[in-house]
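For reference, the structure is listed below as structure tokens.
Hydrogens, waters and symmetry mates play no part in the numbers below; they use all other heavy atoms, side chains included. Just so it is clear: chains get the letters A, B, ... in the order the sequence lines come, proteins before strands, and each one is counted from 1.
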2 protein chains.
Amino acid sequence: MSAAEIKQSALARFAQDGYEGASLKHIADDCGIKKPSIYAHFSSKEDLFLQVLADVFERQKQRIEDYFEEHASLPLEAQLKGFVVDWQQIYERDAERKFFLRMVFFPPSALYDDVMNLVYPFLDEQEQKLSRLLAAGCPVQGRIIRHPRQAAIAYLTLLDGIAVEMLYGGEARTTRRLEAAWPVYWSGVSRER
Amino acid sequence: MSAAEIKQSALARFAQDGYEGASLKHIADDCGIKKPSIYAHFSSKEDLFLQVLADVFERQKQRIEDYFEEHASLPLEAQLKGFVVDWQQIYERDAERKFFLRMVFFPPSALYDDVMNLVYPFLDEQEQKLSRLLAAGCPVQGRIIRHPRQAAIAYLTLLDGIAVEMLYGGEARTTRRLEAAWPVYWSGVSRER
DNA sequence: ATATGACTAACGACCGTTAGTTAGGAGGAT
DNA sequence: ATCCTCCTAACTAACGGTCGTTAGTCATAT
């Protein structure tokens, strides 16, 4: 049994039941060991949680970076919409996103500061990156008719709206929402109709 | 001490700490009684929670209804944007919204079905009402260039995106998000630029 | 020989809950 | 008016269970 396997089980439990709702016994059961064995790898529940949290944020950052690097040659609209689709597809089979969203929206109140010290820089960086992307992809006579920052904020709003539906709506409802909201967003920020 | 006061304290605690994270002791302390006294009014923690939940959904429904009735004479855009603003302003001083959003997004896993039996009908009704509003407000040669249902879904997506920012972003960030995203939405669904 | 990572046993604290008690107020009968 | 009764809503004490955590032990592999 490795620390990585424990973190994986913990991730799933934290995502499903929250920090307070997830017990070390459940986590231990999930990966086939006894509760005190966790303490051979982590000094406390809090320690386990914070390590999972840091890992998730790191991977999340990496994944976003990878996506936009891989699809840099696509037209801007395809890049942006594809990112949401990609996000959705991974989410379906990935407790990581649920954990991520849960901790961003409702961090355990005992660890509020620890969580938010990761969340705020992450969101700011994401907004800046998007602003640059929107500004760079559409120079002087480009298609975007909004200020890049405004288009970025609106995009993040859309992203969150989709994310919310992911949390409880299932795949069909999420797709429906994306297909309805994307054209509205795109025609709202671009010259196209 | 009345049952209503206990429910109010419970609401605040459930909103802040979640179902599992909120203990009866905390709730009792908040309203100045001892823990077992809660059982004079509620048969269990679950009972208390479910009563709070039902109340919140009832009031939420009522509030939405009242808003659109009061502002029925306004132009459609003002009605729709005003609703978001109204929502935001009430939220600032109201644990009720936080509770509502928390339970919609991350219901306690032990009571998942009870919560979702309230959530799904609520959301469906809201979508239908919005569709009717958008369809009725903009007949044949109206301003909306989208199918009413599509405009409604996109509106709900916007609403959720704003709600997310309310949860952790504070008032300033929420306003910034609304001011950025609203024009994008409106020009995306209407003839106006 | 030493270190790792499992284990069992048990700790104190807190959880939701129940039992049993008590103060206070309402209503009715004398 | 006063007594008696009943009900309500609070209380203290304590229950069994689970929580996170620690101590101590033991097999395995380096």
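- Side-chain nitrogen and oxygen atoms of His41(A) include at least one within less than 4.0 Å of the OP1 or OP2 phosphate oxygen of dA6(C).
- As rounded to whole Å, 16 Å separates atom C1' of dT21(D) from atom NZ of Lys25(A).
- Rounded to whole Å, atom P of dA10(D) lies 9 Å from atom CD of Glu5(B).
- Comparing dC7(C), dG20(D), dC11(D) against the side chain of Ile33(B) picks out dC11(D) as the nearest.
- A straight line from CG of Asp29(A) to C1' of dA6(C) spans 15 Å, rounded to a whole angstrom.
- A donor-acceptor pair shorter than 3.5 Å can be found between the side chains of Thr175(B) and Gln88(B).
- We find the CZ-CD distance between Arg177(B) and Glu165(B) to be 4.0 Å, quoted to the nearest 0.5 Å.
- Per the geometry, CZ belonging to Phe49(A) stands 13 Å off P belonging to dG20(D), to the nearest Å.
- Here the straight-line distance linking atom OH of Tyr112(B) with atom CE of Met103(B) works out to 13.5 Å at 0.5 Å rounding.
- Among dA13(D), dA9(D), dG20(D), the nucleotide with an atom closest to any side-chain atom of Pro36(B) is dA13(D).
- Closest contact between the side chain of Lys34(B) and the listed nucleotides dC11(D), dT21(D), dA6(C) involves dC11(D).
- Atom OH in Tyr39(A) sits about 3 Å away from atom P in dT21(D), given to the nearest Å.
- Regarding contacts with the backbone of dC14(C), every side-chain N or O of His26(B) stays at 4.0 angstrom or more from both OP1 and OP2.
- A donor-acceptor contact under 3.5 angstrom links the side-chain atoms of Lys35(B) to the base of dG16(C).
- Annotation: of the two residues near DNA chain D, Ile38(B) and Ala22(A), the 5′-most nearest-nucleotide partner is Ile38(B).
- Atom C1' of nucleotide dG20(D) and atom CZ of Arg13(A) are separated by 17 Å, given to the nearest angstrom.
- Residues Lys35(B) and Asp30(B) are not paired through a salt bridge, judged by the lack of any N-O separation under 4.0 Å between the basic side chain and the carboxylate.
- Atom CG in Asp47(B) sits roughly 14 Å away from atom P in dG16(C) (whole-Å rounding).
- In terms of phosphate contacts, Lys45(A) brings a side-chain nitrogen or oxygen within less than 4.0 Å of OP1 or OP2 of dG20(D).
- The side chain of Ser37(A) sits closest to dA6(C) out of dA6(C), dC11(D), dC19(D).
- A donor-acceptor pair is defined here as one N or O able to donate and one able to accept, closer than 3.5 Å; such a pair exists between the side chain of Thr157(B) and the backbone of Ile153(B).
- Nucleotide dG20(D) holds its P atom 11 Å from the CD atom of Glu20(A), rounded to whole Å.
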